[in-house]
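For reference, the structure is listed below as structure tokens.
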Amino acid sequence: MKKNFKVIIDKPVIKPLVALLLMVGVMSVLSGNFATTDNFFNVLRQVSVNLCISVGMTMVILTGGIDLSVGSILALSGAVAAGLSKNGFSFPAADLYVGFTFWGCILAALLIGAALGAFNGWMITRFKVPPFVATLAMLTIARGLTMLYTKGFPITGLGESFSFLGTGWFLGVPMPVWVALLIVAFFAFFMLKTRTGRYIYAIGGNKKASLLSGIKVNKIILWVYTLAGILSAVAGLMVTARLDSAQPNAGSGYELDSIAAVVIGGTSLSGGKGSIAGTVVGALIIGVLNNGLVLLNVSPFWQQVIKGFVILGAVILDKVSPGKSEN
Amino acid sequence: MRKSLKIILALVAFILALYFSFYTESLSERQLKEQFKEFNPAQVVDYCWEHKLEDLVRHAIPCEEFFEGLQGDAESYAERQGKVLGIGSNYFFVMQARAEISSVDEHNLYLILNRDVKATIPLTNIFSNLARDASAWFNPDDFQNTMDFNALSSYLNKKILQEVLAPLSERFSTGVRIEFVAAVEVNINDLPLKELVLIPYKIEILS
Amino acid sequence: MKNNFLALLLAAVVFFALCLGLSSCRGGKKKAKGKDKIAVVISTLNNPWFVVLGETAKEKAIELGYDAVLFDSQNNPSKETEHFDNILSSGYKAILFNPTDANGSVVNVKAAKKAGIPVFCMDREINDSEAAVSQILSDNFSGCVALGQYFVKKFNGKGNYVEILGLVGDNNTWNRSKGFHSVVDNFPQLVMLAQQTADFDQNKAMEVMESMMQAHSNIDAVFCGNDAMAMGAYQAILAAGKAGRILVFGFDGSQDAINAIKEGKMEATGMQFPKTMARSAAEFADRYLKGDRNFQKKVPVAVELVTPENVHKYGAFEKLE
């Protein structure tokens with residue numbers, strides 16, 4: 001029994017989890033409005049978007065890479081989904097209008113996310129462009145494409161189905177939370193139980209060794225970035241649905257919150273170490289922080305400062321504490 | 001065997017995706033629906049012009065009374081007799097007067113009213129929401145969008161140009177006497193009145 | 001070492017349990033000392049015009065006996081949605097609202113209405129006539145019609161000008177531009193050489209004006225969607241040595257602009273009355289919370305044209321009595 005307990009304590013997710021619980025406790029005391037069911041769902045809903053992106057980001061960082069383009073891909077997929085829902089293809093000669101259904105828009109958004117993510121992966125694997133640079137370039141490219149597509153205007157008035165995705169409830173839980181939950185569950189399973197999942201850890205830990213042991217490193221890296229792109233697209237759909245509009249500057253800065261969630265959750269930026277569970281805790285910490293500070297009426301500028309220090313604190317704590325073995 | 005099964009499944013998935021992703025409808029029908037959504041000011045304005053103009057003309061304030069009222073406690077007079085849209089110090093009145101045209105150019109008619117107050121009536125372009133607001137025919141609450149509400153003005157102004165002013169434009173010249181019912185805007189903080197801009201609902205040539 | 005950590009974990013769990021217990025004793029949506037709370041949500045506090053709008057609304061609400069909290073949406077509908085989430089679950093009684101997007105903000109107002117919290121829009125409208133209790137709006141279109149007429153008179157119907165627009169996603173940007181053009185476009189000898197956006201930002205406007213002056217040497221005037229951009233454009237004009245050659249027109253009625261008009265640096269602006277709108281919104285909220293339900297859905301606040309002739313009557317964002 002004691003041995004099992006020790007195994008759980010030693011798991012790297014425990015430290016951030018403790019921090020999260022402490023934070024929740026402190027916030028509950030400081031603000032009477034924090035520990036309510038309504039607010040609980042607010043935090044979960046607000047965290048859902050970051051969670052989607054962060055799951056993809058976790059996988060990318062586990063391979064030793066990084067993805068700065070998630071925010072821009074989010075914006076473009078959201079914009080395309082919105083735009084297609086309002087305008088399809090017209091064929092005047094045949095008096096025919098071919099419109100996109102709700103599912104068609106979703107599919108299109110996911111395809112865009114996949115395409116852009118795959119492009120990132122291709123740059124990284126085929127042309128050996130460092131992930132930082134490749135995704136940085138995609139950040140501006142995708143944002144530019146979003147601006148071109150939307151002409152700088154928000155696209156609004158998207159209909160019932162989108163509304164339900166963004167603001168609907170199912171079995172007492174908000175829809176965005178369901179989406180995030182499903183994604184987390186699926187990818188946690190994927191990372192822990194499938195062969196490819198284990199390979200991702202291996203590649204991050206020691207790329208050369210993985211290559212030598214026959215793992216198709218390039219193919220997996222390509223897939224990881226593609227998945228990150230798809231997950232960004234999912235996040236884009238959630239944001240668009242929530243606002244009932246696609247904003248040209250959507251997702252701006254989301255990559256930072258995502259990286260922060262992953263890092264606070266205990267995943268190492270050099271790859272090979274970390275977990276989806278840790279990222280979930282990390283995202284919740286950021287969500288609770290954001291929410292709590294707003295409820296306490298702290299100026300948004302101070303919020304930035306505090307957030308920065310929390311990230312630093314989390315990483316330092318991770319390096320300094322006992323119970324962490326250097327493999 | 002495995003591989004060909006995969007290909008068949010992929011094809012089926014592809015076809016299903018296509019089926020569920022698109023829907024079709026007649027292009028002309030769609031265009032009709034779109035047109036319906038756009039706001040058409042003509043209907044509303046034409047109706048009011050048909051049915052409410054006479055009443056408006058009948059209740060116009062005679063010019064002398066108008067000037068008299070503004071000389072005293074302008075604010076309470078304006079509250080009683082004028083209309084204001086929302087919050088502001090600009091009030092709108094519908095006034096009736098007779099005057100002699102002092103001069104004409106391609107853009108305006110120039111008149112001198114009672115008490116030597118100068119006035120102009122635009123002939124080629126009417127801007128502003130004066131005609132719309134003085135009539136009190138339209139309530140901004142009934143319109144989704146301020147731009148729709150403003151579209152009423154564009155249409156009404158054009159209508160006035162075409163139906164009230166254009167037919168008489170040939171006969172306007174210095175010395176001609178006219179009688180009119182017109183909308184006028186007054187800023188009660190900007191008194192005494194100096195120059196007025198009048199937008200006519202009705203004009204008659206007297207001599 | 002591991003034992004220490006175990007102890008730490010236990011302590012944290014106990015502490016957490018205590019905290020939860022304590023906070024639930026205080027209750028969820030506590031009513032603060034008898035004073036009702038009003039939320040003031042402003043699209044951005046990065047622009048003095050909006051700061052005046054927000055602060056005045058807050059002051060008036062406090063004066064009327066409420067606790068008022070100011071929220072900054074940072075021009076971001078997502079942020080605005082988060083604020084509404086928090087407001088709806090924190091026991092606020094009314095919202096004085098300056099929307100970020102005429103269409104995108106409708107969801108938020110509808111959610112507030114559903115939760116029984118009245119929303120009063122200030123300055124910008126939402127494209128829905130039922131969701132908000134009342135919308136107190138500046139008629140930007142008419143304000144710029146007056147500006148356009150003054151513009152035409154000033155140039156006698158002839159000249160070359162450039163236009164600097166505000167945020168393209170803001171209804172007001174287009175209301176102002178359309179108002180201006182509804183007049184000026186009727187005079188074919190008034191030619192628009194270029195039209196760019198500077199997002200209502202002073203620095204951006206300066207850069208945009210510089211580029212436009214590079215591309216066109218015969219500019220006679222610049223029409224800017226707001227006073228901040230007008231000031232930026234003036235800086236560029238001054239630096240290029242063309243002050244006095246290119247006339248500057250703005251919109252808002254900011255202190256800078258009023259001074260500039262007094263000093264002959266700017267030609268005209270449209271005075272909006274953020275203080276009037278803010279105070280009216282607070283008063284409406286007060287009336288509503290006291291039981292009044294009779295409100296006009298849209299209350300336009302007139303915009304007044306400020307020119308060198310009448311500038312002495314105006315102060316920043318208000319008329320001097």
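Naming: A, B, ... by sequence-line order, numbering from 1 per chain.
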Could you tell me whether the side chain of C/Asp101 reaches within less than 4.5 Å of the side chain of A/Gln247, counting heavy atoms only?
yes

Do C/Ser78 and A/Val239 come within less than 4.5 Å of each other through their side chains, counting heavy atoms only?
yes

Quick one: pull up OG in C/Ser90 and CG in A/Asn39 and give me the separation to the nearest 0.5 Å.
6.5 Å

Could you tell me if C/Asn86 and A/Asn291 have a donor-acceptor pair between their side chains, going purely by distance under 3.5 Å?
yes

Does A/Phe40 have more than 12 heavy atoms from other residues, nucleotides or ligands lying within 6.0 Å of its CZ?
no

Rounded at 0.5 Å granularity, tell me how far NZ in C/Lys110 sits from OG1 in A/Thr167.
10.5 Å

Do the side chains of A/Phe34 and C/Ser89 get nearer than 4.5 Å, heavy atoms only?
no

Could you check whether any side-chain N or O of A/Asp244 sits under 3.5 Å from a backbone N or O of C/Gly104, counting only pairs where one atom can act as donor and the other as acceptor?
no

Working to the nearest 0.5 Å, report the span between CD of C/Glu80 and CG of A/Leu243.
8.5 Å

Working to the nearest 0.5 angstrom, can you tell me the gap between A/Asn42 CG and C/Thr81 OG1?
11.0 Å

To the nearest 0.5 Å, atom CG of C/Asp85 lies from atom CZ of A/Arg45 at 4.5 Å

